[in-house]
Number of protein chains: 2
Amino acid sequence: MRVTERKSDQTRARILEAALRLFRQRGFEQATMRAIAKEAHVALGAAYYYFDSKDAIVMAFYELAQTELAPLLEDGLANTRDLRERLTAVITAKFDYFEPNRKLLGTLSSHIDPQHPLSPFSQATKAIRETDISFIHRAIEGSTTKVPADLKPYLARLLWLYQMGLILFWVYDHSPKQRKTTQLSEKSLASVVGLIKLSALPLMRPLRKLLTDLFDVIYEDHSPTMQSRS
Amino acid sequence: MRVTERKSDQTRARILEAALRLFRQRGFEQATMRAIAKEAHVALGAAYYYFDSKDAIVMAFYELAQTELAPLLEDGLANTRDLRERLTAVITAKFDYFEPNRKLLGTLSSHIDPQHPLSPFSQATKAIRETDISFIHRAIEGSTTKVPADLKPYLARLLWLYQMGLILFWVYDHSPKQRKTTQLSEKSLASVVGLIKLSALPLMRPLRKLLTDLFDVIYEDHSPTMQSRS
DNA sequence: GTCTATATGGAGATAGAC
DNA sequence: GTCTATCTCCATATAGAC
């Protein structure tokens with residue numbers, strides 16, 4: 001029996017799909033585990049057999065999204081070497097992919113707290129986050145734009161944060177077809193790329209330093225360090 | 001009987017205090033209405049007599065905070081005319097005041113969604129928000145720093161957002177005594193004020209335009225407008 | 001008007017039979 | 001693996017005493 005055909009995998013997938021369907025229709029809180037189980041034609045206990053908790057379903061959604069998104073991001077990066085266009089491709093791919101689940105992402109954005117497992121900044125989502133950042137990294141690396149050496153180690157994370165901000169705005173953007181987000185993306189992206197190019201001027205070194213210093217403070221590790229005695 | 005002595009006001013206050021105490025001790029979700037009622041030495045029903053819901057208690061906390069914060073902010077603005085110092089005073093006053101409830105603010109920051117009543121961006125908290133912004137406005141107006149005319153209508157809201165960002169960071173800052181936030185505030189505040197002064201150069205006009213344009217997109221009203229025919 | 005006692009209904013989660 | 005039956009806990013509602 002091939003692994004991909006295992007009945008349990010199908011059931012699991014069915015439950016996940018049912019959950020996503022309900023999340024979309026009625027939102028996260030309204031979609032109770034009972035309703036999800038019913039929608040998937042399994043008993044409540046079965047749903048809990050496959051997913052430890054309701055949050056675990058969300059985690060599975062994150063992982064599924066990353067898997068499905070990867071090739072789309074690949075495609076986006078294949079077509080151009082212009083930095084602005086590359087970043088646009090990455091962001092647009094995400095908007096397109098998440099469009100059906102925009103409202104779900106909305107209620108999930110409640111979890112800003114890095115301590116909460118479902119937060120995009122949490123330990124639990126670290127692998128997903130790092131993969132995501134690596135796409136931004138590649139968008140930069142494969143472009144024709146030259147990035148100053150002192151800025152290089154920071155830029156991908158910086159742009160990732162920027163892009164998370166756009167997504168957050170998008171999630172709560174109630175304008176028709178999220179037109180405001182489109183405008184905001186276009187205008188701000190042009191500025192951002194403009195600033196990156198400007199920042200390459202030798203004159204701008206102090207400003208770059210300022211920025212990277214701020215970033216160092218934010219990411220600085222304050223947790224009690226292990227005494228290593230090699 | 002003086003209004004301030006009404007027994008019901010005392011009971012109400014006692015419930016609010018009990019709630020805040022529990023919120024601080026165990027966090028928002030763990031502090032159940034039952035526990036709050038017990039802590040306040042009233043029956044569960046009494047708590048609901050004074051507050052329509054658990055969220056209503058939080059709203060009362062917001063309002064209390066604003067009332068108690070106002071004179072502290074006044075003081076902060078009375079001592080200096082330097083813009084950086086004035087902004088620092090406002091932000092520091094808030095950090096100091098909210099220190100005991102930092103974790104509570106943390107769980108409340110879940111409500112980023114402007115649709116949620118408890119969100120700092122919601123309709124329900126608009127009055128509080130506007131008062132808060134007016135303090136930033138006064139910090140700017142009473143300072144010696146000259147603000148370009150085209151930037152003026154935007155600056156208070158812009159700095160308010162910036163300051164909300166700092167508070168958000170502070171709320172999740174687990175470094176000892178929130179030292180990271182202190183560093184971040186100091187460094188970024190100096191830059192911000194520096195940028196404001198720089199932005200006054202005639203040369204910088206296009207950059208100001210860029211910024212205000214972005215801001216217009218964000219705040220632009222997309223809701224169906226009433227046909228007014230006066 | 002103020003408050004107690006009790007009820008409702010639904011949530012996430014689990015134990016244990018099949 | 002999958003089910004049924006059940007647990008526990010909660011926010012909230014209400015009837016009616018004082």
Side-chain angles (χ1 to χ4, degrees), chain A residues 1-23 25-61 104 107-108 110-111 116-118 124, chain B residues 1-23 25-62 104 107-108 110-111 113 116-118 124:
Chain A
M1 198 202 287
R2 293 223 315 276
V3 176
T4 51
E5 277 179 15
R6 286 231 315 271
K7 192 180 170 216
S8 67
D9 284 350
Q10 286 176 25
T11 312
R12 192 188 145 92
R14 205 170 64 229
I15 295 171
L16 180 54
E17 282 159 23
L20 289 179
R21 219 174 306 136
L22 289 184
F23 287 163
Q25 285 169 20
R26 4 183 149 167
F28 180 71
E29 277 104 28
Q30 304 329 315
T32 67
M33 285 299 275
R34 280 164 179 76
I36 292 169
K38 183 175 275 184
E39 174 87 9
H41 302 291
V42 296
L44 178 59
Y48 275 103
Y49 175 77
Y50 285 101
F51 297 96
D52 286 345
S53 67
K54 202 173 166 184
D55 281 0
I57 298 185
V58 175
M59 207 52 157
F61 162 62
L104 171 59
T107 65
L108 293 183
S110 341
H111 308 115
H116 192 293
L118 294 185
Chain B
M1 200 203 284
R2 293 221 315 276
V3 176
T4 51
E5 278 177 13
R6 286 233 315 270
K7 190 175 172 221
S8 67
D9 285 348
Q10 285 177 26
T11 312
R12 192 189 146 93
R14 204 169 66 230
I15 295 170
L16 180 55
E17 282 158 24
L20 290 178
R21 220 174 305 138
L22 289 184
F23 287 162
Q25 285 170 20
R26 3 183 149 168
F28 180 70
E29 277 102 28
Q30 306 328 318
T32 68
M33 285 298 275
R34 279 167 179 72
I36 292 169
K38 181 175 276 183
E39 174 87 9
H41 302 292
V42 295
L44 178 59
Y48 275 99
Y49 175 76
Y50 286 100
F51 297 96
D52 286 345
S53 67
K54 202 174 165 182
D55 281 0
I57 297 183
V58 175
M59 205 52 154
F61 163 62
Y62 285 171
L104 171 60
T107 64
L108 293 184
S110 343
H111 308 116
D113 187 350
H116 193 292
L118 293 186

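In this text the structure is predicted, and so the values were computed from the model without any measurement. Lettering of chains follows the sequences in order, A, B, ..., and the numbering in each one begins at 1.
Rounded to an integer number of Å, the gap from CD of A:Q10 to P of D:dG1 is 12 Å. One interatomic measurement links the two molecules: CZ of B:F51 to C1' of C:dT2, which rounds to 14 Å at whole-angstrom precision.
Taking side-chain N and O atoms only, B:T11 has no distance below 4.0 Å to OP1 or OP2 of C:dT2. At the phosphate of C:dT4, neither OP1 nor OP2 sits under 4.0 Å from any side-chain N or O atom of B:Y49. B:S8 has a side-chain polar atom (N or O) that falls below the 4.0 Å cut-off from OP1 or OP2 of C:dT2.
The neighbour count for A:D52 CG, taken as heavy atoms of other residues, nucleotides or ligands under 6.0 Å away, does not exceed 12. Under a cut-off of 6.0 angstrom, the local environment of NZ in B:K54 is crowded, with over 12 non-hydrogen atoms contributed by other residues, nucleotides or ligands.
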Q. What one-letter contact string describes nucleotides 7-18 of chain D from 5' to 3', where B marks a base within less than 4.0 Å of any protein heavy atom, S marks contact via sugar-phosphate atoms alone, and - marks no contact?
A. ---SBB------
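Using a distance-only test at 3.5 Å, with no hydrogens or angles considered, a donor-acceptor pair links the side chain of B:H111 to the main chain of B:L108.
To the nearest 0.5 Å, the span separating CG on B:D9 from OH on B:Y50 amounts to 8.0 Å. Expressed to the nearest 0.5 Å, how far CG of A:L44 lies from OH of A:Y49 amounts to 15.5 Å.
Between A:F28 and A:F23, the ring-plane angle classifies as tilted under the 30° and 60° cut-offs.
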